[in-house]
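In this chain, residues are counted from 1 in sequence order.
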Amino acid sequence: MDYFGELNGAQRVAVETTEGPLLVLAGAGAGKTKTVTYRILNLVQKGVPPENILAVTFTNKAAKEMEERILKLLGENKLVNRPISIEGKPFIATFHGLGAFIIKENFREAGVKKHFSIYDREDSKRVVKEALQKNGYDPKQFEPSKILSIISREKGNFVEASEYFERASNEYFGGIVAKVWQDYEIILKKENALDFDDLILVAGKLLQKEEIRKIYENKWQYVHIDEYQDTNKVQYQIAEAIARKHQNICAVGDVDQNIYSWRGANIRNILNFEKDYKGAKLVVLEENYRSTKTILAVANKIIEKNKFRKEKILITKNAVGEKVGLFEALTENHEAEFVALKAKELQKNGVPLSEIAVLYRANFQSRVLEEEFLAKDVPYQVLGTRFFERKEIKDILAFLRFCFNPESISDLKRIINVPPRGIGKTTLLKIVEGKEESLPAGMKIKMSVFRELLRRIKNFAVQNPPSRTIMFIAEEVGLNKNLEKTEEGTERIENIKELAALASRYDKLNPEEGVEKLLEDTSLTSDQDSDKKEKDGVRLMTVHASKGLEFAYVFVTGLEEGLFPHDRNNDENVSEEEAEEERRLFYVAVTRAKKKLFLSYAQTRTIFGSRGVNIPSEFILEIPDEYLEREFLDYTPKRKPLLHIEF
């Protein structure tokens with residue numbers, strides 16, 4: 001079978017350019033994953049050992065999809081002469097997964113013990129809160145999540161706590177962050193833990209050491225970086241360090257979909273690629289396989305106004321399609337009613353609800369939408385509830401983590417009273433301080449029983465497959481018995497069984513290695529990795545959360561000046577390229593739609609208790625009339641909108 005015959009001209013050029021630096025500008029829906037997978041197949045066919053190939057992307061879902069597609073191609077293609085063994089696979093991971101791998105192979109140089117814990121955002125927020133209280137600050141006044149986001153961004157810029165302290169300690173809020181950050185790092189060190197950002201920062205620091213960099217630049221001689229426009233400073237430097245010797249780096253991305261500057265993503269990384277890598281080849285993927293001609297015409301018209309971009313015009317062989325629906329609502333409730341009724345109408349016409357998405361700029365907008373979907377009896381699902389954030393799942397994983405890393409105080413705090421054992425804060429404090437001998441006799445007995453439980457769990461875990469260990473913990477700890485007494489008990493016990501089913505993926509490894517891999521992979525899940533069991537329903541999400549997804553029918557709501565585009569554009573501290581991000585965000589929203597796009601705005605909207613009169617978004621006004629058609633509810637007056645938009 002001629003796999004490469006499925007590629008268009010530009011894709012084929014990207015696939016066949018195997019040596020030297022290559023920048024692939026891939027427009028929305030232009031088949032970038034297909035291009036990368038076929039490029040890797042081509043490399044292997046040319047004789048490159050699969051284990052010398054690295055591919056990095058941003059979500060576990062994307063990494064898993066890419067790995068499955070590559071292994072399927074390598075397994076099916078008869079031109080690949082040798083069988084692909086576990087050791088001989090391309091290394092495909094997220095940046096966090098790559099960082100964890102490098103740190104584990106060099107844990108001593110990284111300053112951690114072999115079985116270190118990986119803290120997710122909730123763990124990190126808890127430790128920041130502890131650091132705030134230690135410094136005498138009220139967590140209600142200084143929000144831990146805000147301080148954590150500052151720390152996260154600074155780490156992404158390759159800044160450590162000591163550097164930040166020198167720079168910001170004289171400022172009021174900066175000084176608070178600096179003190180908290182220092183204690184935050186002390187707690188992490190004490191608990192033998194790294195947070196999500198450390199996985200990248202510490203790996204980046206390790207790769208600055210020549211002897212370590214040489215290992216990985218020889219190990220991975222062909223590097224692929226997906227979503228290159230979303231890389232921050234540390235991620236950029238990790239990719240550069242690994243690719244430095246051989247210069248065989250393929251960066252794939254889209255300048256027009258850079259929407260994460262607030263997380264530290266630097267658009268300059270992709271804009272300057274051809275300067276950073278001399279002799280780099282540029283390939284532009286402009287053929288879109290997702291959307292109609294009308295939707296792409298709107299997308300092209302919107303994005304062409306941005307200055308910080310590389311020229312690209314999306315084209316397609318798809319049908320012209322329907323015009324873009326535009327609805328002017330009186331209020332946000334009126335807008336939500338339109339969306340809910342239109343979704344119900346689409347469902348009656350045979351459209352699966354999972355093929356309908358409602359996008360909004362800010363999370364608060366979902367409340368009124370949810371109310372209307374409930375009132376109109378239209379099933380929906382708000383993207384964001386993660387399987388691994390459920391209490392029963394976090395509890396079991398905490399038991400497992402603590403058995404292998406007894407220095408993890410956060411895990412100890414989580415499990416010591418799961419289920420309730422009557423061990424209070426004073427007792428816990430004495431245990432943490434190493435003063436367990438001073439406890440009353442009755443409390444010593446409770447702690448002895450607890451430690452014996454942990455010993456049984458660890459002994460079982462090192463001798464049995466991870467899936468059996470999960471169920472053993474649930475039974476031995478008494479979670480199942482305790483959950484049976486609660487209203488949501490059945491659902492939560494099913495969640496534990498689902499975790500055991502997930503753990504069975506690691507049953508083929510030796511028990512200790514299987515547990516280690518399970519804990520690592522579950523720690524690395526991101527908010528873009530959806531639940532395994534998705535219910536059928538309309539998807540409600542922010543535009544940011546929709547990136548990388550596609551739906552037949554898409555509603556983009558709240559298109560009002562100050563909301564979308566957000567009023568951050570009026571901030572004097574926002575750079576011109578950051579200001580253009582709102583337009584890129586709208587471009588992402590538009591290009592999620594395959595068949596039909598609906599846009600809506602409300603004349604008045606209540607935001608945080610204050611009702612204001614709105615001007616329609618500039619984005620609406622920039623769309624030529626020929627692509628638009630008015631939408632109405634049965635009782636909506638059929639009149640011209642507040643601002644004159646001809647049809």
Do the side chain of [X] and the main chain of [Y] share a donor and acceptor less than 3.5 angstrom apart?
| X | Y | value |
| --- | --- | --- |
| Ser152 | Ser149 | no |
| Glu191 | Ser410 | yes |
| Arg592 | Phe551 | no |
| Ser291 | Ala593 | yes |
| Asn288 | Ala28 | yes |
| Arg505 | Lys508 | no |
| Asp195 | Tyr119 | no |
| Thr17 | Ala14 | no |

Report task. Could you check Tyr216 against Asn106 for side-chain contact (heavy atoms from CB on, under 4.5 Å), going step by step and ending with a plain yes or no? Result -> CA-CA 12 Å; Tyr216 297 103; Asn106 304 274; 2.9 Å; yes
Go through the side-chain N and O atoms of [X] and [Y] and say whether any donor and acceptor fall under 3.5 Å apart.
| X | Y | answer |
| --- | --- | --- |
| Tyr289 | Asn318 | no |
| Lys233 | Asn266 | no |
| Tyr506 | Glu513 | no |

Query raised in the report: Only one of Arg401, Glu512, Lys104 forms a side-chain hydrogen bond (donor to acceptor under 3.5 Å, both in side chains) with His115, so which one is it?
Result: Glu512
Query - Cation over ring face, Arg263 and Tyr260, 6.0 Å, 45° - result: yes
Answer yes if the ring centres of [X] and [Y] are under 6.0 angstrom apart, and no otherwise.
| X | Y | value |
| --- | --- | --- |
| Phe95 | Phe58 | yes |
| Tyr360 | Phe555 | no |
| Phe273 | Tyr228 | yes |

Query - Glu227 with Lys547: basic N within carboxylate O range, under 4.0 Å - result: yes
